[in-house]
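Please read the structure below before turning to the comments.
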Amino acid sequence: MSYVDEIIEQVIEKNPSEPEFHQAVREVLDSIRVVVDANEEKFRKDALLERLVNPERQIKFRVPWIDDNGNAHVNTGYRVQFNSAIGPYKGGLRLHPSVNLGIIKFLGFEQIFKNSLTGLPIGGGKGGSDFDPKGKSDREIMAFCQSFMTELCKYIGADTDVPAGDIGTGAREIGYMFGQYKRIRGLFEGVLTGKGLAYGGSLARTEATGYGLLYLVDELLKSHGNSLEGKTAVVSGAGNVAIYAIQKAQQLGAKVVTCSDSTGWVYDPDGIDVAALKEIKEVKRARLTEYKNYRPNSEYHEGRGVWSIKCDIALPCATQNELHLDDAKQLVANGVLAVCEGANMPTTEDATKYLQENGVWFVPGKAANAGGVATSALEMSQNSERLSWTFEEVDSKLKDIMVNLYHNIDDAAKRYGFEGNYVAGANIAGFEKVLDAMNAQGIV
Ligand code: NDP
Ligand code: 2IT
């Protein structure tokens with residue numbers, strides 16, 4: 001059996017009940033098979049793949065907090081410090097009831113290659129908790145965040161591990177966590193990114209993941225002699241990534257006709273009203289059912305459905321495995337040109353394969369959504385030099401990073417004979433730098 005297949009088997013056997021982690025490992029190892037096969041003897045001797053798929057450290061802890069009625073609750077907190085070959089661990093904190101170790105490991109594993117693709121010196125990590133922020137008061141959110149950070153602060157620091165936002169963790173949560181870190185550790189340092197502008201945050205970090213996604217889509221289309229002008233796009237999600245993806249798509253001339261949340265989806269034939277969406281989701285923290293109050297011509301549907309709408313570009317920006325084989329078939333039947341992932345691993349394995357086999361330009365999340373973490377690294381730079389850059393400066397660096405990233409994955413795919421396969425290109429290009437660093441640093 002090949003070294004790659006042995007390791008995939010081992011990962012499944014040693015980490016049962018972690019299907020998302022298996023999926024992420026399978027995708028990466030399948031893509032880098034060509035590199036591994038060419039170096040099999042050395043890689044086996046160095047246990048290179050074993051070291052790649054086993055996190056350097058996994059931290060799991062109890063998070064007790066008290067609700068507004070005086071009742072105590074206990075959630076589980078996680079931080080997986082996956083790989084520090086190219087820099088301090090970097091990656092978000094997810095707060096969602098579905099969080100478990102396997103989810104955090106899949107996200108941490110993806111983060112290694114994503115962070116490498118940014119070209120910046122950041123290693124891979126991820127964390128979070130099964131805490132559900134929905135319906136909680138501000139005080140309850142603060143209580144949870146403070147308790148979470150009371151434990152997490154022992155393991156992180158501006159030069160060791162720098163968490164940030166993800167699903168359920170936005171500016172409010174980062175603020176409470178930063179305050180608690182500072183209080184306990186006595187350090188005002190860039191230990192988190194996505195901070196408020198008043199205390200060390202970077203302009204354009206809020207917009208960065210969605211904007212970066214569209215900078216990449218724009219470059220992808222241009223490279224194929226096409227453009228976003230006049231295109232119809234469908235977006236899933238209605239959170240941080242989705243909102244700013246919709247905004248930038250509109251600025252670049254596309255019409256975005258859908259968005260969704262965990263209970264339903266909106267079809268707005270005139271184009272999503274971003275100001276309304278921001279008010280509903282960022283200010284009121286309400287459901288998308290409210291959208292119709294702002295846009296009487298729009299439709300609200302319960303359940304899933306954004307992929308059934310005819311479009312040129314599809315941008316899944318909600319969560320993992322939200323675009324299935326049937327959705328891929330529908331998108332292809334409707335003539336979709338490109339599917340680019342704003343979320344992490346939103347497309348199932350069979351759907352990805354179907355899209356690729358049917359000539360759709362498919363760009364995986366670790367490349368397409370790397371603008372968020374790249375801008376987090378720019379926030380770290382600004383914190384280190386104790387300066388703040390203008391919006392234009394950060395935004396233009398972000399754009400350069402995404403344009404370079406696109407060409408980097410495109411070139412890597414071509415170099416190995418997989419032209420147009422951006423999954424292979426992203427995994428190979430991301431892996432090459434990590435491999436160089438791991439080889440240089442010995443067996444650690
Ligand atoms: P948010 O919490 O801001 O928004 C998430 C959105 O997705 C919400 O609209 C939410 O619905 C919806 N959603 C979440 N879970 C589900 C689910 N199980 N089923 C259906 N809908 C769901 O998160 P972000 O926008 O930050 O993150 C979205 C994705 O992008 C995630 O995969 C994340 O890992 C990835 N990502 C985020 C980055 C960032 O900088 N924030 C960077 C790179 C990737 P509801 O409103 O009902 O909660
Ligand atoms: O998935 C991701 O890349 C993020 N949630 C952002 C991580 C970060 O450190 O900005």
Side-chain angles (χ1 to χ4, degrees), residues 20 87-99 103-104 106-115 117-118 120 122-128 132-135 161-174 190 192-195 201-202 204-213 235-246 259-266 277-278 280-282 284-290 303-306 315-323 341-347 364-380:
E20 294 85 2
Y89 311 105
K90 182 85 197 85
L93 297 170
R94 178 172 292 192
L95 300 182
H96 193 271
S98 64
V99 163
I103 298 272
I104 300 299
F106 117 64
L107 290 163
F109 187 69
E110 289 282 288
Q111 203 82 43
I112 303 170
F113 307 97
K114 179 194 305 192
N115 293 3
L117 287 172
T118 66
L120 300 167
I122 39 179
K126 198 84 185 189
D132 187 358
K134 279 212 180 69
D161 183 356
V162 182
D166 193 77
I167 291 179
T169 306
R172 175 182 57 170
E173 292 73 21
I174 293 291
L192 293 164
T193 59
K195 299 185 292 299
S202 172
R205 174 62 188 91
T206 306
E207 295 84 355
T209 311
Y211 278 21
L213 170 65
V235 167
S236 66
N240 175 265
V241 180
I243 289 173
Y244 295 97
I246 296 170
C259 62
S260 66
D261 67 13
S262 48
T263 49
W265 59 287
V266 162
L277 189 60
K278 285 176 77 165
I280 295 166
K281 285 296 174 183
E282 291 181 350
K284 295 184 178 168
R285 300 181 189 275
R287 313 304 314 158
L288 276 180
T289 38
E290 293 229 351
R304 310 168 65 248
V306 297
L315 306 172
C317 296
T319 192
Q320 65 275 357
N321 292 328
E322 52 155 324
L323 197 163
E341 297 185 324
N344 286 308
M345 210 170 73
T347 314
K366 62 170 71 70
N369 71 38
V373 74
T375 307
S376 277
L378 300 180
E379 183 173 330
M380 290 166 72

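All residue numbers refer to positions in the sequence shown, counting from 1. Start at 1 and go down the list; that is how both ligands and their atoms are numbered.
- Residues satisfying the side-chain contact (heavy atoms from CB on, under 4.5 Å) test with S98, not counting sequence neighbours, are H96.
- Under a 4.0 angstrom heavy-atom cut-off, R94 registers as lying outside contact with ligand 2.
- Separating the NZ atom in K281 from the CG atom in L288 is a distance of 4.5 Å, to the nearest 0.5 Å.
- Note that CZ of F106 is 8.0 Å distant from NZ of K126, once rounded to the nearest 0.5 Å.
- Close approach of ligand 1 to R94 is summarised as follows: ligand atoms under 4.0 Å from at least one heavy atom of the residue are 31 (C), 32 (O), 33 (C), 34 (O).
- Residue contact annotation: Q320 has no non-hydrogen atom under 4.0 Å from ligand 1.
- Protein heavy atom in closest approach to atom 7 (C) of ligand 2: G92 N, 3.5 Å.
- In summary, the side chains of T169 and R94 do not present any donor paired with an acceptor at a separation below 3.5 Å, with no hydrogens or angles considered.
- Nearest heavy-atom pair, K195 versus G190, reported as atom, atom and distance to 0.1 Å: NZ-CA, 4.1 Å.
- Applying the 4.0 Å criterion to heavy atoms of G91 picks out, from ligand 2, the atoms 7 (C), 9 (O).
- Residue-ligand proximity, A164 to ligand 2, at heavy-atom distances under 4.0 Å covers atoms 8 (C), 9 (O), 10 (O).
- Residue V241 touches ligand 1 through backbone and side chain together, judged by heavy-atom distances below 4.0 Å.
- Residue N344 forms a side chain to side chain contact (heavy atoms under 4.5 Å, CB included) with just one option from V241, D166, I103, I167, and that option is D166.
- Under 4.0 Å from ligand 1, the heavy atoms of S260 that appear belong solely to its backbone.
- Neither the backbone nor the side chain of E379 comes within 4.0 Å of ligand 2, counting heavy atoms alone.
- Of all the heavy atoms of E110, none lies under 4.0 Å from any atom of ligand 2, so neither backbone nor side chain is involved.
- Nearest protein heavy-atom contact of atom 10 (O) of ligand 2 is S376 OG, 2.5 Å.
- Nearest residue to atom 5 (N) of ligand 2 from L93, V373, D166, N240 is D166 (criterion: closest heavy atom).
- Here K278 contributes atom NZ and I246 contributes atom CD1; the two are 11.5 Å apart, rounded to the nearest 0.5 Å.
- For the pairing with C259, the side chain to side chain contact (heavy atoms under 4.5 Å, CB included) check across V266, I243, I280 returns one residue only, V266.
- Across T193, D161, T118, a single residue satisfies side chain to side chain donor-acceptor pair (under 3.5 Å) together with K90, and that is T193.
- The residue among A370, C317, P97, G168 with a heavy atom at the shortest distance from atom 2 (O) of ligand 1 is G168.
- At a 4.0 Å heavy-atom cut-off, ligand 1 does not touch Q111 at all.
- Although no hydrogens or angles enter the test, the distance criterion places no donor-acceptor pair under 3.5 Å between the side chain of T209 and the main chain of G371.
- Not a single heavy atom of E322 lies less than 4.0 angstrom from ligand 1.
- The option from E282, K366, K134, E341 that lies nearest to atom 48 (O) of ligand 1, judged by heavy atoms, is K134.
- Polar contact check, V162 against ligand 2: no nitrogen or oxygen pair lies under 3.5 Å apart.
- In this structure, CE in M380 is found 10.5 Å from CG in L192, a value given to the nearest 0.5 Å.
- Using a 4.0 Å cut-off to heavy atoms of R287, the atoms of ligand 1 that qualify are 47 (O).
- Put simply, CG on L120 and CG on N115 are 9.0 Å apart, with the number rounded to the nearest 0.5 Å.
- Looking at every heavy atom in both residues, S236 comes nearest to E322 through OG-OE1, 2.7 Å.
- For ligand 1, the polar-atom distance check finds no N/O of N369 at less than 3.5 Å from any of the ligand's N/O atoms.
- The shortest heavy-atom distance from R304 to ligand 1 is not under 4.0 Å.
- What sits closest to atom 9 (O) of ligand 2 on the protein, heavy atoms only, is K90 NZ, 2.7 Å.
- An N or O contact shorter than 3.5 Å links N240 to ligand 1 by distance.
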*Applying side-chain contact (heavy atoms from CB on, under 4.5 Å), run through Q320 and E110 and close with a yes or a no.*
CA-CA 12 Å; Q320 65 275 357; E110 289 282 288; over 6 Å; no

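- Within the listing of ligand 2, atoms 1 (O), 2 (C), 4 (C), 5 (N) sit less than 4.0 angstrom from a heavy atom of K126.
- Which parts of ligand 1 touch H96 is read off a 4.0 Å heavy-atom cut-off, strictly below it: atoms 15 (N).
- Between N344 and ligand 2, at least one pair of N/O atoms sits closer than 3.5 Å.
- Close contacts of ligand 2 with K114, meaning ligand atoms under 4.0 Å from a residue heavy atom, involve 1 (O), 2 (C), 3 (O).
- Pairing each heavy atom of G165 with each of I174, the nearest pair is N-CD1, 3.9 Å.
- Polar contact with ligand 1: absent for A242 (N/O pair, distance under 3.5 Å).
- Not a single N or O atom of T263, backbone or side chain, sits closer than 3.5 Å to an N or O atom of ligand 1.
- Interatomic distance, CG of L93 versus CD of E173, reported as 10.5 Å (0.5 Å rounding).
- Close N/O approach between A238 and ligand 1 is found [any backbone or side-chain N/O within under 3.5 Å].
- Side chain of E341 to main chain of N369: no donor-acceptor pair is present (N/O by atom type, distance under 3.5 Å, no hydrogens or angles).
- Ligand 1 lies out of reach of M345, whose nearest heavy atom is not under 4.0 Å from it.
- Scanning the protein heavy atoms around atom 6 (C) of ligand 2, the nearest turns out to be R205 NH2, 3.6 Å.
- With no hydrogens or angles considered, a side-chain donor-acceptor pair links R287 and T263 at under 3.5 Å.
- No part of T375 comes within 4.0 Å of ligand 2, judged by heavy-atom distances.
- Near K281, the atoms of ligand 1 lying under 4.0 angstrom from a non-hydrogen atom of the residue are 46 (O).
- Residue P163 places every heavy atom at 4.0 Å or more from ligand 2.
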